[in-house]
Engineer: 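Below is one structure. I have some questions about it.
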Amino acid sequence: MKQGAGGLQYPFEETPAKGDIMNVAPGIFWVRMPLPFALDHINLWLLEDGDGWALIDTGVANDDTISTWSEIFETKLGGKPIKRVIVTHLHPDHVGLAGWITRKFGVTLEMSRTDYLMCRALVADTGQEAPQEAIDFYRGAGFSERGLDAYRARFGNFGERVYKLPDVFKRVKEGDTLTIGGRDWRIITGSGHAPEHLCLYCEEAKILISGDQVLPRISSNISLHPTEAYSDPVQDWIDSCAKLRAEIADDVLVLPAHNEPFYGLHARLTRLIDGHEKNLKNLLRSLDEPKRAIDVFGALFKRKIGRDVFFMATGESLAHLACLVHRGLAVAEKDADGVVWYKAA
């Protein structure tokens with residue numbers, strides 16, 4: 001058992017090799033699939049389910065992931081098929097191959113309604129021009145014309161790593177119970193990182209499959225996007241962390257989508273809540289004079305923000321500024337050029 005920061009404990013010394021599966025609990029196996037991003041892996045979970053398997057999340061749609069899954073299906077599953085595909089939320093590293101796997105095995109995708117529909121909407125943007133509302137949104141954040149051109153160029157790339165989604169899905173929602181392999185898994189939803197993120201909690205086995213809702217070493221991205229420009233994702237995230245802490249026992253083994261399985265759920269949730277509250281305080285102190293969203297990176301991030309994460313950092317800054325506005329601690333005013341300036345109330 002390895003000891004980690006923040007009082008967390010990591011029970012596994014190794015991670016599964018590419019193309020292999022690793023047993024982490026009776027009937028539960030860990031797959032680590034490569035990702036073509038700075039965050040270079042995702043954890044996916046196979047649950048034995050009688051004469052087949054249930055799969056939690058799928059990886060991105062690319063040739064490497066398809067090849068790796070094909071090897072696993074042929075050599076690691078004892079000749080038993082995938083019977084269920086359950087996706088925690090809409091992001092391509094989680095839903096990317098859902099369409100391919102469900103069609104391969106003739107099964108129905110199981111997912112929350114909000115994330116399924118939002119995913120379809122985002123995929124439909126592929127090949128389209130960026131809408132004027134989105135251009136105005138990032139102009140308001142302080143983007144230069146060069147930055148807006150970069151946004152226009154990247155608009156619609158969400159669908160590039162998502163295989164054609166199934167046209168039919170089965171809705172999974174808060175409070176549902178999924179019976180898999182003789183165990184009952186209660187669905188608890190979170191919000192902020194994704195609109196309606198599914199977590200699977202088995203009280204009997206003391207296991208939580210947390211997706212991106214609880215990660216041990218990194219904090220999930222919480223961004224404000226043009227499609228929901230008036231929402232408050234940071235408060236949604238904080239409230240979701242508090243809900244999970246209240247409803248799930250502290251002694252569970254947490255199986256996250258990134259990093260490694262761990263113990264110490266309540267400590268981690270408290271740290272995530274406290275981290276965002278600290279960021280909000282730092283941000284508010286920085287608003288002694290008006291600032292744009294792109295001016296406040298220093299109050300939120302310890303690293304220098306380069307081009308590779310500029311859009312993500314802007315989204316996080318906008319989300320935290322929106323939280324301060326919703327709490328009545330800051331005000332936002334748009335100038336004649338369409339740029340939004342934030343100041344402490």
Side-chain angles (χ1 to χ4, degrees), residues 1-16 21-32 41-49 53-57 84 86-89 94 112 172-194 196-220 236-278:
M1 185 82 73
K2 295 187 295 185
Q3 300 295 318
L8 305 189
Q9 295 179 313
Y10 298 91
F12 302 106
E13 296 290 335
E14 299 179 352
T15 61
I21 67 175
M22 177 175 163
N23 187 218
V24 296
I28 302 175
F29 292 81
W30 176 10
V31 177
R32 177 164 279 205
H41 72 275
I42 181 172
N43 302 323
L44 314 170
W45 308 100
L46 284 162
L47 281 57
E48 289 185 312
D49 191 19
W53 297 84
L55 172 62
I56 315 298
D57 288 335
R84 304 178 74 169
I86 303 162
V87 169
T88 59
H89 64 292
H94 297 260
S112 70
V172 182
K173 63 184 184 303
E174 173 80 25
D176 283 354
T177 298
L178 307 184
T179 301
I180 304 172
R183 292 193 181 109
D184 287 341
W185 296 83
R186 179 161 65 95
I187 297 298
I188 303 175
T189 60
S191 186
H193 175 66
E196 192 181 359
H197 183 299
L198 305 180
C199 299
L200 288 76
Y201 173 39
C202 181
E203 186 173 5
E204 173 194 359
K206 297 183 178 180
I207 293 174
L208 173 70
I209 299 176
S210 66
D212 281 350
Q213 198 66 39
V214 191
L215 304 175
R217 302 183 191 275
I218 57 177
S219 178
S220 299
D236 291 341
W237 174 262
I238 290 171
D239 292 344
S240 295
C241 288
K243 181 177 79 169
L244 291 174
R245 188 174 58 187
E247 295 192 16
I248 300 174
D250 190 35
D251 60 352
V252 295
L253 172 63
V254 182
L255 305 181
H258 306 285
N259 307 137
E260 300 84 38
F262 70 97
Y263 290 102
L265 174 67
H266 287 192
R268 182 56 181 156
L269 287 167
T270 298
R271 191 180 181 97
L272 288 169
I273 293 170
D274 291 348
H276 282 286
E277 292 291 355
K278 181 180 179 181

Engineer: Taking salt bridge (Lys or Arg N to Asp or Glu O under 4.0 Å) as the test, write out the residues that go with Glu247, two or more places apart.
Structural biologist: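 Partners of Glu247 under the salt bridge (Lys or Arg N to Asp or Glu O under 4.0 Å) test: Arg186.
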Engineer: Calculate, to the nearest 0.5 Å, the distance between atoms CD and CD belonging to Glu14 and Glu260 respectively.
Structural biologist: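 One gets 12.0 Å once the value is rounded to the nearest 0.5 Å.
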Engineer: Mind checking the CG-CG spacing from Leu198 to Asp57? Nearest 0.5 Å is all I need.
Structural biologist: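 Between Leu198 CG and Asp57 CG, I get 9.0 Å after rounding to 0.5 Å.
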Engineer: Just jot down the salt bridge (Lys or Arg N to Asp or Glu O under 4.0 Å) partners of Lys206, sequence neighbours excluded, or say none.
Structural biologist: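 Only Asp251 meet the salt bridge (Lys or Arg N to Asp or Glu O under 4.0 Å) criterion with Lys206.
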Engineer: Return the set of residues passing salt bridge (Lys or Arg N to Asp or Glu O under 4.0 Å) with Arg271 (not counting sequence neighbours), or none when no residue passes.
Structural biologist: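 Partners of Arg271 by the salt bridge (Lys or Arg N to Asp or Glu O under 4.0 Å) criterion come out as none, since no residue qualifies.
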Engineer: Just how far is it from atom CD1 of Ile187 to atom CD1 of Ile209, taken to the nearest 0.5 Å?
Structural biologist: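 These two atoms lie 9.0 Å from each other.
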Engineer: Does Arg84 reach the side chain of Leu178, with side-chain heavy atoms less than 4.5 Å apart?
Structural biologist: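 SC-SC contact between Arg84 and Leu178 confirmed.
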Engineer: Step by step, work out the side chain to side chain contact (heavy atoms under 4.5 Å, CB included) result for Ile86 and Ile180.
Structural biologist: CA-CA 11 Å; Ile86 303 162; Ile180 304 172; 3.9 Å; yes
Engineer: Step through the shown structure and confirm whether more than 12 heavy atoms of other residues, nucleotides or ligands are within 6.0 Å of NZ on Lys278.
Structural biologist: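 12 or below, so no.
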Engineer: Ser191: which residues meet the side-chain contact (heavy atoms from CB on, under 4.5 Å) condition with it, sequence neighbours left out?
Structural biologist: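 With neighbours one apart ignored, the set is Asp236, Ser240.
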Engineer: Test: salt bridge (Lys or Arg N to Asp or Glu O under 4.0 Å). Region: residues 173-182. Which pairs qualify, not counting sequence neighbours?
Structural biologist: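 Applying salt bridge (Lys or Arg N to Asp or Glu O under 4.0 Å) to every pair that reaches into residues 173-182, excluding sequence neighbours, yields Lys173-Asp176, Glu174-Lys243.
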Engineer: Does any part of the side chain of Leu255, heavy atoms only, come nearer than 4.5 Å to the side chain of Leu208, both counted from C-beta?
Structural biologist: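 No; the side chains remain at least 4.5 Å from each other.
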Engineer: Measure across Ile207 and Ala25 and return the closest heavy-atom pair with its distance rounded to 0.1 Å.
Structural biologist: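 Smallest heavy-atom distance, with atoms named: CD1-CB, 3.6 Å.
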Engineer: Could you report the tightest heavy-atom contact between Phe262 and Leu215, atom names first, then the distance?
Structural biologist: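 Scanning both residues completely, I find the closest heavy atoms to be CE2-C, 4.5 Å.
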Engineer: Please confirm whether the backbone N or O of Gly181 pairs with a side-chain atom of Asp49, one donor and one acceptor, at under 3.5 Å?
Structural biologist: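 Side chain of Asp49 to backbone of Gly181: a pair is present.
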Engineer: Can you tell me how far the CG atom of Leu244 sits from the OG1 atom of Thr189, to the nearest 0.5 Å?
Structural biologist: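 Going from CG on Leu244 over to OG1 on Thr189, the span is 8.5 Å.
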Engineer: Determine whether Arg183 and Pro26 make a side-chain contact, defined as any pair of heavy atoms from C-beta on separated by less than 4.5 Å.
Structural biologist: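 Yes, their side chains come closer than 4.5 Å.
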Engineer: Going by heavy atoms in the side chains, are Tyr10 and Leu8 under 4.5 Å from each other?
Structural biologist: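 Tyr10 vs Leu8: side chains touch.
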Engineer: Does the plane of the ring in His89 sit parallel, tilted or perpendicular to the ring in His94? Use 30° and 60° as the thresholds.
Structural biologist: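 Judged by the thresholds at 30° and 60°, the geometry between His89 and His94 is tilted.
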Engineer: Closest approach of Ile56 and Thr88, non-hydrogen atoms and distance?
Structural biologist: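 Here Ile56 and Thr88 meet closest at CG2-CG2, 4.0 Å.
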Engineer: Distance alone, cut at 3.5 Å: any donor-acceptor contact between the side chains of Asp184 and Thr177?
Structural biologist: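 Their side chains do not contain a donor-acceptor pair, so the 3.5 Å distance test is not met.
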Engineer: Counting distance only, does the side-chain N/O of Arg268 pair as donor-acceptor with the main-chain N or O of Tyr263 below 3.5 Å?
Structural biologist: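 Pair absent, no side-chain N/O of Arg268 close to backbone of Tyr263.
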Engineer: Can you name the nearest heavy-atom pair linking Leu265 to Ala249, along with the distance?
Structural biologist: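 Heavy atoms of Leu265 and Ala249 come nearest at CD2-O, 3.8 Å.
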Engineer: For the residue pair Pro216 and His258, what are the closest heavy atoms and their distance?
Structural biologist: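 Looks like CD-O, 3.7 Å.
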Engineer: Under a 4.5 Å cut-off applied to non-hydrogen side-chain atoms, are Gln9 and Gln3 in contact?
Structural biologist: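 Yes; the side chains approach each other to less than 4.5 Å.
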Engineer: Quick check on Glu13: does its CD atom have over 12 non-hydrogen neighbours (other residues, nucleotides or ligands) under 6.0 Å away?
Structural biologist: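 Above 12, so yes.
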Engineer: Hey, what do you get for SG (Cys241) to CD1 (Ile273), rounding to the nearest 0.5 Å?
Structural biologist: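 It comes to 5.0 Å.
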Engineer: Name all residues meeting the ring-ring contact (aromatic ring centres under 6.0 Å, His included) criterion together with Trp45; count only those two or more places apart in sequence or in a different chain, and write none if there are none.
Structural biologist: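 Checked Trp45 against ring-ring contact (aromatic ring centres under 6.0 Å, His included); matches are Trp30.
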Engineer: State, to 0.1 Å, how close Ser219 and His276 come at their nearest heavy-atom pair, and which atoms those are.
Structural biologist: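 For Ser219 and His276, the tightest heavy-atom pair comes out as OG-NE2, 3.5 Å.
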Engineer: Which of parallel (below 30°), tilted (30 to 60°) and perpendicular (above 60°) describes Trp237 and His193?
Structural biologist: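 Rings of Trp237 and His193: perpendicular, as their planes differ by over 60°.
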Engineer: Can you tell me how far apart CZ (Arg245) and OG1 (Thr270) are? Round to the nearest 0.5 Å.
Structural biologist: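 Separation between the atoms: 4.0 Å.
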